[in-house]
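A, B, ... follow the sequence lines: proteins, then strands. Residue 1 opens every chain.
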Amino acid sequence: MWIRQVSRQIQFAAKPSSLANSLVAINHSSAIKTALINCCLPITLSTPSRPTLYNQMAPVQRDIFSMLAMRGKKKKKEEEEPKKVVENETVSLDDEEEVPSAAKSSEAKQLNSNSNKSEEGSQLKRKRAIIEDDEEDDISQPVKVRKTKSSPSSSPKKRSASVTPPTSPKKANSKSTSPIKKPITAASSSGTEESENPSAVKSDSDEEYEAMEPDDVEEDKAELINLAKLDTLKPSVKLSTKLVSGKPIPYSAVVEVFAQIESTTKRLEIIKYTSDFFLTVLNNNPNDLIYVTYLFINRLGPDYEGLELGLGETILIKTIAESTGKSTVHVKAKYRETGDLGEIALKARSTQPTMFKPKALTVMDVFKNLKEIATTTGNNSQAKKIGIIKRMLTASQGLEAKFIIRSLESKLRIGLAEKTVLISLARALVHFQSTSKKGPSVEKALEAEEKIKEAFCQVPNYQVIIETALEHGVLTLDKHCTLKPGVPLKPMLAKPTKSITEVLDKFTGEEFTCEYKYDGERAQVHLLNDGTVKVYSRNSEDMSQRYPDIIDAVQGFLQPDQETKSLIIDCEAVAWSREENKILPFQVLTTRKRKDVELKDIKVHVCLFAFDILCLNGEPVINLPLKKRRQLLQKTLKEIPGKFQFATSKNSTDVEELQAFLDISIKDSCEGLMVKTLNNDPYRPSQRSNSWLKLKKDYLAGVGDSLDLIVIGAYYGKGKRTGTYGGFLLGCYNQDTEEIESCCKIGTGFSDDVLKSLYEKLQPTELSQAKSYIIYDSSAEPDIWFEPTVLFEVLTADLSLSPIYKAGIATLGKGVSLRFPRFMRLRDDKGIEDATSSDQVVEFYERQAHQQN
DNA sequence: GTGACACTGTACC
DNA sequence: ATCTGACACATTCGG
DNA sequence: CCGAATGTGTCAGATGGTACAGTGTCAC
């Protein structure tokens with residue numbers, strides 16, 4: 001039987017990896033698997049990844065390309081809003097650019113040559129590059145000052161006044177740029193006009209590309225690159241919103257920075273804009289920095305405080321519809337087109353007449369409003385929330401509406417997130433606190449970055465970090481912000497790995513260990529000095545309410561002779577059957593209540609599998625190597641079978657042995673293995689460090705089934721998937737009834753190109769409604785139905801009983817769906833009758849359930 | 001008012 | 001959770 | 001020895017299923 005399947009798979013396997021998969025999926029003999037791993041997977045690994053056109057471009061080509069693109073933009077703008085760009089002004093601007101660029105490049109070269117020698121050096125180099133940009137900032141800031149001075153009509157910017165880096169003659173020249181900026185400034189301060197032309201603000205960049213041309217022609221390639229790069233960096237110079245020292249930061253300033261950030265994809269540039277702005281805030285009104293930071297990371301407070309907006313797409317659409325006087329249908333249609341609710345709100349707003357000019361929103365206003373939305377609960381709370389949003393929208397000017405909505409969606413989508421904010425904060429703070437006129441040295445800046453990252457991992461609370469940094473200085477953060485029981489720290493994460501050989505590859509010459517990867521929930525258990533116990537999730541949410549049983553039992557886990565007062569351990573909480581003494585599937589664990597769990601009516605029992613210790617009696621131990629930590633862990637705690645156990649582990653470097661261990665782990669209801677180095681690395685909170693790897697069974701083992709499913713519908717893409725389908729609804733074929741039963745959605749595994757071609761391929765087969773032989777649940781109804789013609793090969797980790805999908809529902813009473821489905825490839829060699837049948841799906845499901853006994 | 005149910009949001013993976 | 005794409009950086013290759 | 005080509009690591013943002021919790025709605 002399986003031989004036939006194998007030959008079928010061989011026939012269609014596109015690449016060795018999927019061949020290996022298919023084969024392994026059918027036969028569990030570890031010898032075969034090992035052989036496959038050894039001969040097939042390495043081949044795949046060395047295959048170069050699909051190059052895209054852009055990737056194929058040489059850097060120079062890319063730079064030229066982007067420069068041209070930028071010029072195109074500028075040209076447009078000039079056409080749109082003709083302004084008095086006087087020639088000599090543009091020239092002088094040009095000068096300004098050139099000088100720093102030359103200086104910078106030579107510096108950079110020096111750095112390069114220094115740092116190539118060692119790994120540390122090269123890291124240094126990278127970071128230096130970032131920091132040097134900063135110095136450029138300093139240069140640019142005076143520019144702003146002068147601009148304002150020379151052009152009274154533009155809002156006076158105190159912003160840079162307090163920064164006051166040394167002003168050199170070169171900078172003096174650059175002031176002449178001010179007139180260029182004026183029109184924009186005027187527009188944004190007048191608000192309403194500008195909102196009709198949102199691109200104006202965003203573009204707020206520079207217009208004088210022609211001035212550069214003569215230079216370009218003469219310069220050699222290297223210079224060209226520098227110019228192009230500088231060119232893209234320039235917009236950060238301009239902030240049209242005025243900031244007044246001591247006064248609250250206007251929200252419009254934040255929005256303006258968001259717009260700048262959104263206009264680029266370059267990380268260094270983003271960091272520059274952000275840190276620039278943070279520094280400005282520090283100089284004007286340090287107390288607002290925390291609010292600004294929260295707006296940038298789009299959060300309301302530390303994760304462990306558990307504040308939620310309680311708003312989603314649906315309610316936002318309703319709100320936008322209400323506040324703009326359009327129907328929800330209309331808004332939804334627009335959403336399809338643009339994939340961005342913020343944009344819709346903005347456009348709708350700009351066409352709305354404004355009776356009187358509302359008071360400008362401040363950063364504080366917005367943050368407080370968001371917080372109010374989050375804390376509003378109870379009857380009629382939704383209406384109240386909508387009311388608050390409407391108020392904000394009414395008060396919004398310019399681009400503000402767009403970002404208010406995006407904030408409410410919890411997706412800023414501007415290419416900036418936590419990590420970048422942290423780096424930017426570090427740079428802003430270190431500049432702010434630097435005593436030297438020139439700003440901090442490169443080394444200091446790097447140090448600050450490290451310190452703040454480290455501190456944040458141990459105390460993930462921006463308010464604490466910022467306050468501490470302001471009080472004691474960024475550079476001593478490590479002394480004041482260390483982990484302590486009661487405050488969750490960012491857990492260490494593992495990197496996915498595709499094969500045992502890959503693991504061996506990465507860990508050659510290292511001593512390492514393997515542990516079971518339990519299929520449960522990460523649980524960071526804290527025991528405080530006063531005996532309190534807290535449990536935190538992977539994302540630092542407080543789960544104490546969910547696990548009163550754990551809290552109750554922790555004291556009993558301690559070795560009696562150790563007198564342990566406090567500790568933090570890292571565990572996986574797994575559902576446990578006390579009757580059969582075995583691990584239960586993840587799906588069982590999720591049925592546990594999350595709040596108000598009473599000890600007496602717990603139905604789903606839990607066994608904690610501990611694998612690490614992070615703090616003991618108030619002393620952080622994260623800097624010890626794993627070997628030591630494990631010893632500590634086992635010395636401090638004792639196993640109580642079925643309640644508290646140490647993760648099963650094994651040290652080996654033998655492929656066969658590891659393979660066997662992996663197989664056993666899966667038989668023992670685990671997801672696979674975690675592989676960790678024993679000696680080298682300390683516990684590195686939050687990093688997907690190279691010293692922890694996860695070896696996932698679904699790439700190697702039998703349950704990682706690949707199915708061929710029928711595409712029966714699709715969903716409109718949002719954000720960067722606007723204009724194509726963002727996901728698809730898939731079904732399997734029931735041979736008895738000749739119906740198609742919905743099975744899962746799928747939205748990952750596509751490259752952009754594939755997504756595009758799928759759109760072209762499927763769009764002609766769109767139907768106005770579902771074919772009658774399609775069985776589905778209304779809650780998984782797609783935006784678009786298709787004539788079923790196309791099959792996807794889909795990989796999955798697990799199968800689950802589903803409340804909404806229908807595959808095999810006749811046999812099992814519930815449908816079966818897929819856990820972690822991902823697209824592998826298009827099966828255009830097969831017809832829909834060759835799709836995986838409902839029976840097969842059921843078979844897969846039962847085999848999986850059976851396997852774990 | 002109360003309870004059942006639907007819908008939405010958010011957490012986990 | 002999975003996955004891709006863009007960047008920044010690291011390393012190797014060819015003249 | 002330099003620049004080009006190729007490889008690697010990090011980050012951000014698309015998207016998956018499922019369960020509970022909270023709110024809204026409606027019938028009684």
Could you check whether K385(A) gets within reach of a base, just the sugar-phosphate, or nothing at all, counting any heavy atom under 4.0 Å? nothing

Would you kindly give the CZ-to-C1' distance between R413(A) and dG5(C), to the nearest whole Å? 16 Å

Quick note, K266(A) side chain, CB onward, closest among dT18(D), dA1(C), dA8(C) is dA8(C)

Earlier contact from the 5' end, DNA chain B, for S778(A) and Y518(A): S778(A)

Flag the pair E372(A) and K384(A) as a salt bridge only when some basic side-chain nitrogen lies within less than 4.0 angstrom of an acidic carboxylate oxygen. no

Between K411(A) and dA14(D), is there a contact of a side-chain N or O with OP1 or OP2 at under 4.0 Å? no

Which nucleotide sits closest to the side chain of K745(A): dC11(D), dG17(D), dC20(D)? dG17(D)

Work out which heavy atom in S742(A) is nearest to a heavy atom in I804(A); give both atom names and the distance. OG-O, 4.2 Å

The side chain of K495(A) lies closest to which of these nucleotides: dG17(D), dA19(D), dG9(D)? dG9(D)

Consider the side chain of R822(A), meaning its heavy atoms from C-beta on, and name the nucleotide among dC3(C), dT23(D), dC12(B) that approaches it most closely. dC3(C)

What's the shortest heavy-atom distance between V606(A) and A573(A), and which atoms? CG1-CB, 3.9 Å

Counting any heavy atom closer than 4.0 Å, what does L801(A) reach on the DNA or RNA strands: base, sugar-phosphate only, or nothing? sugar-phosphate

Counting just side-chain N and O atoms, does N379(A) come under 4.0 Å of either OP1 or OP2 of dT23(D)? no

Whole-Å distance, L755(A) CG to dT2(C) C1', equals 15 Å

Out of dA8(C), dG17(D), dC13(B), whichever nucleotide has its closest atom nearest the side chain of C744(A): dG17(D)

Contact check, side chains of E262(A) and K402(A), non-hydrogen atoms, under 4.5 Å: yes

Return the value, rounded to whole Å, for the distance between atom NZ of K593(A) and atom P of dC12(B). 18 Å

May I ask you to verify if any side-chain N or O of K694(A) is less than 4.0 angstrom from the OP1 or OP2 atom of dT2(C)? yes

Between atom CG in L693(A) and atom P in dT8(D), what is the gap in whole Å? 15 Å

From dG24(D), dT2(C), dA8(C), nucleotide with atom closest to Q382(A) side chain: dG24(D)

Rounded to the nearest Å, what distance is computed from the CZ atom of residue F750(A) to the P atom of nucleotide dC3(C)? 12 Å

Residue whose closest nucleotide on DNA chain D lies nearer the 5' end, T420(A) versus G378(A): T420(A)

Under a 4.0 Å threshold between the charged nitrogen and the carboxylate oxygen, would E502(A) count as salt-bridged to K506(A)? yes

Short side-chain N/O contact from S802(A) to OP1 or OP2 of dT18(D), under 4.0 Å: yes

Check the phosphate of dA12(D) against K720(A), side-chain N and O only, distance under 4.0 Å to OP1 or OP2. Yes or no? no

Rounding to a whole Å, what distance do you find between K718(A):NZ and dT15(D):C1'? 10 Å

Residue pair S410(A)/F820(A) against DNA chain B: nearer the 5' end by closest nucleotide is S410(A)

Those residues at least two apart in sequence (or on a different chain) that pass salt bridge (Lys or Arg N to Asp or Glu O under 4.0 Å) with R684(A) are D681(A)

Which part of the nucleic acid, if any, lies within reach of I414(A) when heavy atoms closer than 4.0 Å are counted: base, sugar-phosphate only, or nothing? sugar-phosphate

Within 45 degrees of the ring normal and closer than 6.0 Å to the centroid, is that where the cationic atom of R819(A) sits relative to F586(A)? yes

Give L589(A) one of three labels, base, sugar-phosphate or nothing, depending on what nucleic acid heavy atoms sit under 4.0 Å from its own. nothing

Picking from dC13(B), dT2(C), dG13(D), which would you name as closest to the side chain of D519(A)? dC13(B)

Grab the OH-C1' distance between Y805(A) and dG16(D) for me, whole Å please. 8 Å

Taking any heavy-atom pair under 4.0 Å as a contact, classify R594(A): base, sugar-phosphate, or nothing. base

Among the candidates dC12(B), dA14(D), dC7(C), find the nucleotide nearest to the side-chain atoms of E521(A). dC12(B)

Rounded to whole angstrom units, what separation is found between the CG atom of L311(A) and the C1' atom of dG24(D)? 15 Å

Just to be sure I understand the rule, does Y715(A) reach a base, reach only the sugar-phosphate, or reach nothing, if contact means heavy atoms closer than 4.0 Å? nothing

From the candidates dT10(B), dC13(B), dC20(D), the one with an atom nearest any side-chain atom of R819(A) is dC13(B)

Base, sugar-phosphate alone, or nothing: which one does F823(A) contact when heavy atoms must sit under 4.0 Å apart? nothing

Of A417(A) and R546(A), whose nearest nucleotide on DNA chain D comes first from the 5' end? A417(A)

Categorize P496(A) for me: base, sugar-phosphate, or nothing, with a 4.0 angstrom heavy-atom threshold over every strand shown. nothing

Ionic contact status for R546(A) with E521(A), cut-off 4.0 Å: yes

Looking at T314(A), does any N or O in its side chain come under 4.0 Å of the phosphate oxygens OP1/OP2 on dG9(B)? yes

With the side chain of R267(A) defined as its heavy atoms from C-beta on, choose the nearest nucleotide among dA19(D), dC20(D), dA8(C). dA8(C)

Can a salt bridge be assigned to the pair R427(A) and E449(A) using a cut-off of 4.0 Å between side-chain N and carboxylate O? no

Can a donor-acceptor pair under 3.5 Å be found between the side-chain atoms of T748(A) and the base atoms of dT2(C)? yes

Looking at dC12(B), I'd like to know if its phosphate oxygens (OP1 or OP2) sit under 4.0 Å from a side-chain N or O belonging to S537(A). yes

dG17(D), OP1 or OP2 - any side-chain N/O from Q587(A) closer than 4.0 Å? no

Determine: side-chain N/O of N539(A) to OP1/OP2 of dA11(B), distance under 4.0 Å, yes or no. no

At 4.0 Å (heavy atoms only), tell me whether G726(A) reaches a base, stays on the sugar-phosphate, or touches nothing. sugar-phosphate

If only side-chain N and O atoms of S800(A) are considered, is one of them under 4.0 Å from the OP1 or OP2 phosphate oxygen of dT18(D)? yes

Say you pick atom C1' in dT10(B) and the same atom in dA1(C); how far apart are they, in whole Å? 15 Å

